[in-house]
Amino acid sequence: MADQVTKPAVQLSRKDFASEVEPRWCPGCGDYPILAAVQSVLPELGIPRENFVFVSGIGCSSRFPYYMNTYGVHGIHGRAPTLATGIATARPDLQVWVATGDGDALSIGGNHFIHAMRRNVNIRIILFNNRIYGLTKGQYSPTSELGKITKSSPFGVIDRPFNPVSLALGAEATFVARTVDFDRQHMTEVLRRAAHHKGTAFVEVLQNCVVFNEGAYDFLTPRAGGLAYQIRLEHGKPVRFGPKGEKGIVIRGGRAEVVDVEEVGEENLYVHDETLEDPSVHFALSRLTPDGAGPTALGVFRAVRKPTYDELMHSQIAAAQEKLGPGDLERLLRSGETWKVE
Amino acid sequence: MADQVTKPAVQLSRKDFASEVEPRWCPGCGDYPILAAVQSVLPELGIPRENFVFVSGIGCSSRFPYYMNTYGVHGIHGRAPTLATGIATARPDLQVWVATGDGDALSIGGNHFIHAMRRNVNIRIILFNNRIYGLTKGQYSPTSELGKITKSSPFGVIDRPFNPVSLALGAEATFVARTVDFDRQHMTEVLRRAAHHKGTAFVEVLQNCVVFNEGAYDFLTPRAGGLAYQIRLEHGKPVRFGPKGEKGIVIRGGRAEVVDVEEVGEENLYVHDETLEDPSVHFALSRLTPDGAGPTALGVFRAVRKPTYDELMHSQIAAAQEKLGPGDLERLLRSGETWKVE
Amino acid sequence: MGTVTVQELDSVVIRFAGDSGDGMQLTGERFGNVSGILGNDIATFPDFPAEIRAPAGTTYGVSAYQVQIADYDVTTPGDTLDVLVAMNPAALKVHLPDVVRGGIVIVNTDGFTQHNLDRAGYTSNPLEDGTLQGYRVYRIPMTTLTLEAVKEVEGIGKKEAERSKNFFALGVVSWLFGRNPEVTEEWIRQKFRSSPAVMEANLKAFRAGYHYGETAEIFEAVYRVKPARLEPGLYRNITGNQAMALGLVAAAHQARLTLYYASYPITPASDLLHELARLKNFGVKTFQAEDEIAAAGAALGASYGGALGVTGTSGPGLDLKQETIGLAVMLELPLVVIDNQRGGPSTGLPTKSEQTDLLTALFGRHGEAPLPVIAAYSPAHCFWAALEAVRIALKYRTPLILLSDGYIANASEPFRIPSLDELPEIAVSFASEPNRDGEFWPYLRDPETLARPWVLPGTPGLEHRVGGLEKDERGRVSYDFANHDRMVKTRAEKVRRIARDIPPARLDADGGAELLVVSWGSTWGSVAAAVRRLRERGVRMAWTHLVHLNPLPPNLGEVVKSFPKVVVPENNLGQLLKVIRAEYLVDAKGVNSVEGRPFRASDLEEAFLEVLGERAAEGAR
Amino acid sequence: MGTVTVQELDSVVIRFAGDSGDGMQLTGERFGNVSGILGNDIATFPDFPAEIRAPAGTTYGVSAYQVQIADYDVTTPGDTLDVLVAMNPAALKVHLPDVVRGGIVIVNTDGFTQHNLDRAGYTSNPLEDGTLQGYRVYRIPMTTLTLEAVKEVEGIGKKEAERSKNFFALGVVSWLFGRNPEVTEEWIRQKFRSSPAVMEANLKAFRAGYHYGETAEIFEAVYRVKPARLEPGLYRNITGNQAMALGLVAAAHQARLTLYYASYPITPASDLLHELARLKNFGVKTFQAEDEIAAAGAALGASYGGALGVTGTSGPGLDLKQETIGLAVMLELPLVVIDNQRGGPSTGLPTKSEQTDLLTALFGRHGEAPLPVIAAYSPAHCFWAALEAVRIALKYRTPLILLSDGYIANASEPFRIPSLDELPEIAVSFASEPNRDGEFWPYLRDPETLARPWVLPGTPGLEHRVGGLEKDERGRVSYDFANHDRMVKTRAEKVRRIARDIPPARLDADGGAELLVVSWGSTWGSVAAAVRRLRERGVRMAWTHLVHLNPLPPNLGEVVKSFPKVVVPENNLGQLLKVIRAEYLVDAKGVNSVEGRPFRASDLEEAFLEVLGERAAEGAR
Ligand SMILES: Cc1ncc(C[n+]2csc(CCOP(=O)(O)OP(=O)(O)O)c2C)c(N)n1
Ligand SMILES: Cc1ncc(C[n+]2csc(CCOP(=O)(O)OP(=O)(O)O)c2C)c(N)n1
Ligand code: SF4
Ligand code: SF4
Ligand SMILES: [Mg+2]
Ligand SMILES: [Mg+2]
C-alpha cells in the first residue's frame, strides 16, 4: 500500500491552502476559524498539496472544500463519507478529509457516519456542530437541545439529541475528539492528531452559528467565563479542570464524575488513557456534557490503532496476487468447462 | 393521549395471534421460536388483538408480520422504523412492534435505527441478529465477525462489526435488552419487559440461521456447553455467572470485568441497575462480548423512563388547543392582513 | 408639492435590491402587501442567494424582491423594471441591466463607499461616470437620513439604527406611488410589538422616507396605479407555500382527518414545515424526520394509521422518496407528496426555480408504479391544488405527486379567501366489516374507482397484512404469473380512471387560432401575459393550461389535434412535450429555457410568433 | 437395448422441478452445460422461490430449472415442456400444465407420500387418478434407488444419501438424451473434490440413474439432438451475471484501470458482487456498502480517484442511487450503474424478471439529468454490453445505466470466448497540464465529445473543486441564469452526441415486410423465435433489436418510418413504446405482458399476427 507521506517533504504555508474563492459564510461564523486552523495544520504534515482531497456534503459547513486549494468534492447531503470511502480505498496514497455539519453527518448522513466509524477507513471527519441547520435557515438538528425553539419547532424540540462523541464510540470508532471553534490552539492540536491517525478519525468541533444559534457554546467560552466548564483531556495526565484546577474527574461505578480535587486527592483522579482497547471509559467521559450546558470534555477521547479498511483491502489483494499471480484475463475467460466448435 | 391498554382486558391465547399463513422459513430457523415467544407474550398484555401492528423491512426475519394475526405492514428494506414512527405517532392507541434483521436494521436501516433510539418513539424493535444476510443467500452483515468467509467475502470480512447494544446505547436508547432464540423463557421475559416499556424498546435476539450461519451462537447454547458464557443481568442483583455462579462481573476503572467471585467477594460484584440515568455502566456491560465468542451479557441492560416522542407531540397539541382553542379554519384563512374587494 | 405632477399608470414593476442583510425581502414583501391591500393586483418575485449572509457588498450576496402592481389582473412580476431601488453598488451592478431605459433608479448613496465599489467590481463610481445616463436617477443618502431620523430612539445603537434604512427606502417608494402610509405603520406596530425600540426606529425611518419624498423636491412626478377589478371578496396576499399549507389544513378539515405532515427541511419546501408546525391547535402533526426517506415512511405510516399523510420536499428529496412512494403504490394507501421543484440537476441552483421534475414524478420509480400527478400554477392556486391532490389521493387510495416550484412557492399574489362552503366535499369512509364471505380481503376493489378498502388499525375482525410483495385480492403474497400481470394492469387502470373524475382541459381559444399553447405549472403567469399581449397585437391564440398531468384530461387529445400548430413552453428541456407527443402523436414543439427563473412574457411572445412563422408574425404587425 | 428406438429431434425442452432443497438448480444447470459441451445450442431458465427453503412439499417452495437444447441456435428456453422431471407432488402440480400433450413426465414416486400429496393440495394421487392421462409417464422410485446405490459409501448417512437423488435423476435424463456420462462424472469429481464421500455418493447415484435408464426397460425410445452449427471457437456456458462480471474485468483491462465494484446485495444482482469479490488477484476492488446510496457514492468516489467505478443493483436499489447518479451527471465523471431488473413495483416479485425500469433509468432523477442507457439482451451478450457501457462512460465522462434483468442474469447459454484482440480498445487519458492560459478549467470540454477532462487527484498544479452546484467552465459556482441554461443544454448535447459513436440500428427485414418489430433487452430471445416461426409460416417480417436506448441509434427514425406497422413487445406496460412514439411520432403499438417472466415465443407470434390484422394472418395460412 502506498503511504500517504512518502513524497519528499515540501515546504508549504497556510496560504498555499487557500483557494482563489472568497468564503461566503456569514461574518463572524465559526466556520472561519476552523478553516484557518485546517489551513495551518496541513503544511506541517509534509504531504504535497495535490495529495489532499476534501470531501463534503451539503450545508454551510460543507462549502469548506471550495475554500481549500486542494482537490475537493462538494457532494450531496449526508453522503460525503461514501464518496470519501471510495476515494480513500481506491487511492490510499491520498489524504482524505470530510467536512460535514450536524445535520449532514448525523441526520441524513447518520448511517454512513456510523459505518465509517466501524469500518475504520482512512479518512478524517470534521463535524461542524452548530446544533442547527444553517444553510436551510434555522431548523433544529439532531444535536439541538430538547425544548429549543426553532423555525421548525415553534413549540420547542421534542427529539432527544445525539451526543456525537457517544454515538461515534457506540459505533466502534478508533479516534474520537472534540474541540471548540474559539480556541485556535486547541483546535490545531486536535486536528493535527486527527491528521496523523490511521483509520477513521472523528473530530467534533463545537461551532458557533451567529445567525441561527448565536451563543450556543457561550457556556464554554472564556469571555463568558466558560473556561471553568472546559475539561481538557490529555493522555497520561490526571483530568483536572476549573479556573485553578480545583475540580477533577474520577471514574466511579462506571461513571465519570466531577469531584473536588481537594476532597478526593489528586492520586484518585482519572488519568486519561486514550489507548484503552475497551471504549467504556471514553464513553463515560462523553456523558459528562448534560443535554445543555455544563462541564464538557475536550480533546482526544480515544485513539487506538486498528488495521484500516484500506490496509486490509489491499493486503487481501496482495495476498491473492502473491498466491495466484497477477490476474490473467485470457485464462479467466477460458476458465471452467470449455469446448471447441470447429 | 389515548392509552394502549385502556380497552377492557380480553382473553386471548397464543393461537389467536397465529395468522392463516404458514411460516416460510427454513426448517430449524431461529425465527420460529421468536415467533412463538411473541405469540405467547401478547395475550398476556390485555390489549385487544386489533390494536397491535407489526411492521417490518425486508429479510427472512421481516416476513414476521405475515405470520401474526394482527395488523401488519411488510415494508421496504431498512425503513420499518420510519413506518412504525408514523403509525405510532398518528395512533398512540396502538401498540407497534418492529421485526427486523441485522442487515435491515443496522446496514441499510442504520440511520432510522439510531434516530428511533434517540427519539424514544413508543415502538418496540426486535432485532433478529443472525449475523448474516439470510434472504439474499449469505452475504456478511454489519454484525458478522472480522475474517468470516461468506459469499461476498471469499477472503474474509474486513469490516469491523457493530455491537448492536453498544450502538443503541450510544444513540441514547431508553430500553435495551438482549436475548437468545434457544431460551424460550428468557426470550419471553425480555419481550414482556419490552412490551411494557414506554418509549423505544430495543431487543436484540441472537438468532440462528441454519442455512447460512449455522451455529453462530453455539458458544452460548446449553447443548454446546455455552451456559458458562451466559451472563444474566437481573435488576438489583449482583451479576454472577458460570455453571456454579463462580464467576462475576465487577465494574473497575470504568470497564466491566470478569472475575472469580471467590477472589473478589460477592459484595464487590456489580449489582445491576437498569435504571441508571447515565448509560455508561450499561455500555460497559455491552463490551463484554468480544468480537467473536465469549462471556455475553443477556437480559435488560437499560430501562429508563423518559417522555416518549408521541407523548410530547400530543402534549404540545393539547397545550396549544388549551391556549388557543381548537383550530378554526375560517379564522385561519382570514388571518393576516386582509382587504375587501367589492 | 409644487411642480410635482401626478402620472397614472396601469402597471409598474419595482425591484428592491441590496445586501442579504439589508432586509430587502421584507421591504419588497411589504410594498407588495400594501399595494394589494390598496386594491391593486400584484405579483411578486423574491430572488435571494443560496448563501445565508454572503459577504457584504459582493454581487453574489445581493438579495432582491420584485413587485409588479397593476390595475388589471397581472400574472407575472414583470419582465423589465420601471423602478430599481439599489442599496449598494453590487445591487446596482446586478440589476441595472433589467431597468428599462428612462426608468427610475433610486440609490442609497451612502452605500457607495470605495470599499463597496471595489467589492462590486466597479473601477469607477457608476453614480458619476455616466453609467446611469438615460435613467431617472435619485440619489439619496439613506443611511445618513435614517440615522438622523432614529437618533432620539432610546435603546437603539448605531448598528441597529442603520438596519432601519430599508424602512426609509420603503417610505420613499410608498410616497412615490401614493401608498397610504398608515397601513404600513400599523403593520410595523404589530410586527415589532415585542421590541418597542426597534418598532419605534422602523416607524421613524419609514416616516422619514415618506416625508423625504414629499419635501426633498427631487421627484418631478408621483405615480398612481388604480385598484384592479378583481372578483369581489375578502383578500389577502399569499405565497405559494402559505397557500399550500392552508390548502392542506383545509383538505384535512374537509375530510375530517388529522393532517400528518412529515418532512426533512429543504429549500424551497421548508416553509411548508414551518407554517404547519405552528398549527398545533388544529391538531396538525408535524414530524421533522432524519431524512426524506424517513419523512415519506412516516407519512405513509400515518396514512396507514388513518391520518392524511403528506410529505413535502424538493428534487433531491424526491429522488430519495421514490422507493417509499413505490411502496405506497403497492400498499394502495393515500399519500400526498409535494415537490417544490428547484434548479437541478443535483444540488444545481437550490434557490432558483424550474420545472424539471415532471418526468421523474411520472416515471421515477422502478417497476410499473403509476400515480396521479398534478401541478399548481400560481401562489394562490397552491391552495386549490392541495385540495384537489388530497381529494384524489384519498378517493383512489394512491400516492400522488403535487408539483409546485421555487418561484410560486416564494412569490405572492392576492388570494380571494373562500368561505368554507366553497371548499370541495371530501368524503372518506373506512372499512368496518368483512367484505367477502365473512372474510376481509384487503385488495378487493371498488368496482367503480378500483380503490381498495382503507381500514383503521384497531378495527376488530379486519386484521390483515399488507406489504411490498405482490398480493392477490385476498391479500396473500402471490408469485403467480397471471396474478401479477393482472395486478400491474389493474393498478395502472385505477390511475387511468381518475381521468373520468377530473375537469376537462379548459380551452381558451380565439376563433381561427392557428397556434395552441399547452402549458403547466408556474409558466402559467408568463404564458397568460404573452397570450394577452399577442392578442393585443391581433394574433389569434389558443391556450390550454394543465393542472392534471397524469392522467391527462380526457378531452386533451381532441384539443391538441384541433390546431395546426402546438407549442409547449416549459422551464425544462421538453418534458410535458414528450408526454404530449407520445400520447397524441402531434408534432408539438417546445419552447424551453432552463435559467432558474420563469420565462419573460416578452420572450414567450417572440417564441410563439416564431413557431407561427413569418406569416403570422406579419399578420401581427 | 432391445426394443428401444432412437428418435432424432431438432430441439427438446426439459424442466427439472422439486423442493427448494432438492438441488434442481444444480441438476438443470448441469444438464444444460453437458449439452453445451456436447455441441448443442442451449438456453436455460432457472425459476426459484423468494424463500430460501420454503417448507418442504409446498407448491410455493418448488424450485425449477428449464433447459432447451437444440441443433440450431435457440434463443429461448422454450414455451412448453417436452419433458418434466418432478421430484414431488407439488412440483408436478405447479408444472404439469406446461407439458405438451404426449410429453414425457418422469416422477420420483418416493416423493408421492400422503403427507406430500396433502401439502401440495392433491385430494387424490395424480399418479393414479388419471391426471396423467395423455402423457408418457415414467414412475421411478428415485429415493429408494439412490439409497440403494449409495449404501456402501462410507461416511454418508441416510439423509445425506437421499440428497444425491438429483444426480440419480440427472443420470436417467442423461441416458434418455444420450449425453456422454463421462463429462458429468469428471465434473462431479472436480466439484466435490473437497468432500470425497459426497463425491462418491453423487457419482454412484448418477451412474445408477444412467444405468437404470439402460436396464429398466421402461423407456420405449431414446432421443438424440445433434450438435448445433455455431460460430467456430472456444465455448463455455455462461450466465448473464457471470458474463457481466467478466465483461467488467475485461473492460478494466482494456482501459488499464482498476475495477472498483461497490454494491449492496440484492437479488438478482448479488452474484455480480460474489463473482467479482473472488477476483482479488486481478486487483479488482469490491466494496459491500451499507446501502445502495453508499455503494453509488463509493463507486463515484473511486471514479473521482481514477478507478473504473461500477455499482450494480436491482430496481429498489436503483431508486436509492438516483440522487447520487444525478451528482455524477453534474460532476461529469464515469460511473457504470448496472440494473438487473426484477418484478416490481416495490418488492414485487424479487426473484422474477421484467423490463419495467427503462423509464426510470431514462428519467428517474430530478432536474435535467440525462445519461446514456444501454441494455443487454442475452446471457452472453452481457459480456459485450459491459464493455460497451464502460467504453461510453469513460469516453464521455458520464454515468451510464446498463440494464439487464433477472432472467438473463441467471439464465445461461454458450458463450464463444473471444481472444483478447477481439476486445475493443478503450483509451483513457488523464489531464496532466493546465488547459487554459496556465489555469486548469475542469469544465473546459473536448470540442468533439463535449467530455470534460478527468484528473487524477495527486496531480500537482491541477487542484480544483467539483460539486453538485452549477458551475461555469472554470469550475466556479455560478448562479448566473444564462450559464445554467447553457450548461443544462450542453450536458444534454453531450449525451445526444453519443449517437454519432454507436452502431446504427441493425434492421433484419424481409422485402415487403409490413410489420416492424422493435425490441430491447431480454425479449430478444422470444422475439427471435417468434420472428423465425412467423417466417417459417411465410409471414414477411422486419425486426430491429436495440442495445442503445439513449441516445437511440441515429438511423432509427428512418427505420421505424419505413414500415406501415410498428410493434414494440415489452415485459412492461409500454416504456420503449412511449419513447419511440414521442421521438418519431409513429403510431407504434405495444405488446405487453408483465408476468415476471419472458414472453412465450408463441404468444408473441400470435400477437404479431394480430397487429398485422386478418389479411396478414390469412396470408400466413
Ligand atoms: C437530499 C437533501 N435534503 C435536504 C437538503 C437541504 N439541506 C441542505 S443543508 C441542510 C442541513 C444543513 O445543516 P448542517 O448539516 O448542520 O450544516 P450547517 O449549514 O449547519 O453547517 C439541509 C437540510 C439537501 N440539500 N438535500
Ligand atoms: C433497497 C433494497 N436493497 C437490497 C435488498 C435486498 N435484500 C433483501 S433482504 C436483505 C438483507 C437481509 O438480511 P437481514 O436484514 O439480516 O435479514 P435476514 O434475512 O438475515 O433475516 C437484502 C440485502 C432489498 N430488498 N431492497
Ligand atoms: S448561517 Fe450560521 S453556520 Fe451558516 S454561514 Fe451563517 S453563521 Fe455560519
Ligand atoms: S436463510 Fe437462515 S434466516 Fe433465512 S429462513 Fe433460512 S435459516 Fe432462517
Ligand atoms: Mg449545523
Ligand atoms: Mg440477518
Side-chain angles (χ1 to χ4, degrees), chain A residues 19-21 48-56 58 65-66 68-91 93-94 111-112 114-115 313 316-317 319-327 329-330 332-342, chain D residues 33 36-37 39 183 187 230-237 246 249-250 253 258 260 262 279-283 285 287 289-291 293-294 296-307 309 323-324 327 331 416-420 457-469 476-477:
Chain A
S19 81
E20 74 295 350
V21 174
R49 191 173 65 180
E50 63 271 17
N51 282 10
F52 289 101
V53 183
F54 279 79
V55 185
S56 67
I58 302 289
Y66 288 127
M68 295 294 302
N69 192 8
T70 62
Y71 284 90
V73 186
H74 180 219
I76 46 178
H77 197 30
R79 317 302 174 189
T82 73
L83 294 161
T85 296
I87 298 170
T89 48
R91 292 288 305 280
D93 57 320
L94 303 174
N111 202 29
H112 313 306
I114 57 177
H115 282 269
M313 181 187 249
Q316 285 193 342
I317 289 175
Q321 288 179 333
E322 178 93 354
K323 198 171 141 196
L324 306 168
L329 178 59
E330 192 133 31
L332 177 66
L333 293 178
R334 289 157 182 261
S335 61
E337 288 172 297
T338 59
W339 69 94
K340 257 219 163 69
V341 172
E342 309 288 337
Chain D
N33 276 10
I37 293 169
V183 180
W187 175 86
L230 298 173
E231 192 181 341
L234 190 69
Y235 279 78
R236 62 185 281 189
N237 272 327
L246 289 183
V249 174
H253 175 268
T258 297
Y260 190 106
L279 302 180
K280 297 245 182 298
N281 64 321
F282 284 79
K285 298 183 179 177
F287 174 62
E290 58 270 30
D291 61 20
I293 301 175
L300 181 57
S303 282
Y304 177 80
E323 193 202 3
T324 307
L327 175 63
L331 299 188
R416 192 184 62 74
I417 300 168
S419 68
L420 293 196
T459 308
L462 303 194
E463 293 88 348
H464 67 282
R465 275 61 58 192
V466 290
L469 286 167
R476 306 273 169 94
V477 173

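Every chain is numbered from 1 and lettered A, B, ... according to where its sequence line falls, protein lines coming before strand lines. Small disclaimer: the values here were computed from a predicted structure and weren't measured.
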(message) Heavy-atom cut-off 4.5 Å, strictly under: side chain, backbone, both or neither for Ala294(D) against chain A?
(response) both

(message) Heavy-atom cut-off 4.5 Å, strictly under: side chain, backbone, both or neither for Thr89(A) against chain D?
(response) both

(request) With rounding to the nearest 0.5 Å, note down the distance linking CG in Leu329(A) to CG in Leu246(D). (result) 8.0 Å

(request) Sort out for me which of Ala90(A), Gly72(A), Ser335(A) touches chain D most, counting heavy-atom pairs under 4.5 Å. (result) Gly72(A)

(message) Please classify the contact of Val53(A) with chain D as side chain, backbone, both or neither, using a heavy-atom distance under 4.5 Å.
(response) side chain

(message) Shorter than 4.5 Å, heavy atoms on both sides: which option in Val249(D), Thr459(D), Thr258(D), Leu230(D) has the most such pairs with chain A?
(response) Thr459(D)

(message) Once rounded to the nearest 0.5 Å, what's the spacing between atom CZ of Arg79(A) and atom CD of Glu323(D)?
(response) 6.0 Å

(request) Identify which part of Leu331(D) has an atom lying under 4.5 Å from any heavy atom of chain A, answering side chain, backbone, both or neither. (result) side chain

(message) Heavy-atom cut-off 4.5 Å, strictly under: side chain, backbone, both or neither for Tyr235(D) against chain A?
(response) both

(message) For Arg49(A), is there an ion pair with Glu463(D) - N to carboxylate O distance below 4.0 angstrom?
(response) yes

(request) For the pair Arg465(D) and Glu20(A), evaluate salt bridge (Lys or Arg N to Asp or Glu O under 4.0 Å) and give the outcome as yes or no after the intermediate values. (result) CA-CA 11 Å; Arg465(D) 275 61 58 192; Glu20(A) 74 295 350; 3.2 Å; yes

(message) Applying the side chain to side chain contact (heavy atoms under 4.5 Å, CB included) criterion to Thr338(A), which one of Ile37(D), Leu234(D), Asn237(D) satisfies it?
(response) Leu234(D)

(message) Return the CG to CD1 distance between Leu469(D) and Ile58(A), rounded to the nearest 0.5 Å.
(response) 6.0 Å

(request) Without swapping roles, check the side chain of Trp339(A) against the backbone of Gly39(D) for a donor-acceptor pair under 3.5 Å. (result) no

(request) Sort Thr85(A) into side chain, backbone, both or neither according to what part of it lies under 4.5 angstrom from a heavy atom of chain D. (result) both

(message) Could you measure the distance from the CG atom of Leu333(A) to the NE2 atom of His253(D)? Nearest 0.5 Å is fine.
(response) 9.5 Å

(request) Check whether Thr324(D) gets within reach of chain A through its side chain, its backbone, both or neither, counting any heavy atom under 4.5 Å. (result) both

(request) For Asn281(D), enumerate each residue passing the side chain to side chain contact (heavy atoms under 4.5 Å, CB included) test, keeping only those at least two apart in sequence or located in another chain. (result) Ala320(A), Gln321(A), Leu324(A)

(message) Quick check against the 3.5 Å criterion: does Tyr66(A) have a side-chain atom that pairs as donor or acceptor with the backbone of Val477(D)?
(response) no

(message) So for Arg476(D), is it side chain, backbone, both, or neither that comes closer than 4.5 Å to the heavy atoms of chain A?
(response) side chain

(message) Counting heavy-atom pairs closer than 4.5 Å to chain A, which one of Ile293(D), Leu300(D), Val183(D) comes out on top?
(response) Ile293(D)

(request) Could you pull out all residues at least two apart from Glu342(A) that satisfy side chain to side chain contact (heavy atoms under 4.5 Å, CB included)? (result) Lys340(A)

(request) Work out which heavy atom in Pro457(D) is nearest to a heavy atom in Arg91(A); give both atom names and the distance. (result) O-NH2, 2.7 Å

(request) Go through the steps for Leu83(A) and Tyr304(D) under the test side chain to side chain contact (heavy atoms under 4.5 Å, CB included), then give the verdict. (result) CA-CA 9 Å; Leu83(A) 294 161; Tyr304(D) 177 80; over 6 Å; no

(request) Could you tell me whether the side chain of Ile317(A) reaches within less than 4.5 Å of the side chain of Phe282(D), counting heavy atoms only? (result) no

(message) Can you tell me which portion of Ala299(D) sits under 4.5 Å from chain A's heavy atoms? Options are side chain, backbone, both or neither.
(response) neither

(request) With a 4.5 Å cut-off on heavy-atom pairs, point out which of Ala319(A), Pro65(A), Ala84(A) contacts chain D the most. (result) Pro65(A)

(message) Heavy-atom count check: over 12 atoms from other residues, nucleotides or ligands less than 6.0 Å from Glu330(A) CD?
(response) yes

(request) Could you go through the side chain to side chain contact (heavy atoms under 4.5 Å, CB included) check for Asn33(D) and Glu337(A) one step at a time? (result) CA-CA 8 Å; Asn33(D) 276 10; Glu337(A) 288 172 297; 3.7 Å; yes

(request) Just do the side chain to side chain contact (heavy atoms under 4.5 Å, CB included) check on His112(A) and Glu290(D) with the steps written out, would you? (result) CA-CA 7 Å; His112(A) 313 306; Glu290(D) 58 270 30; 2.9 Å; yes

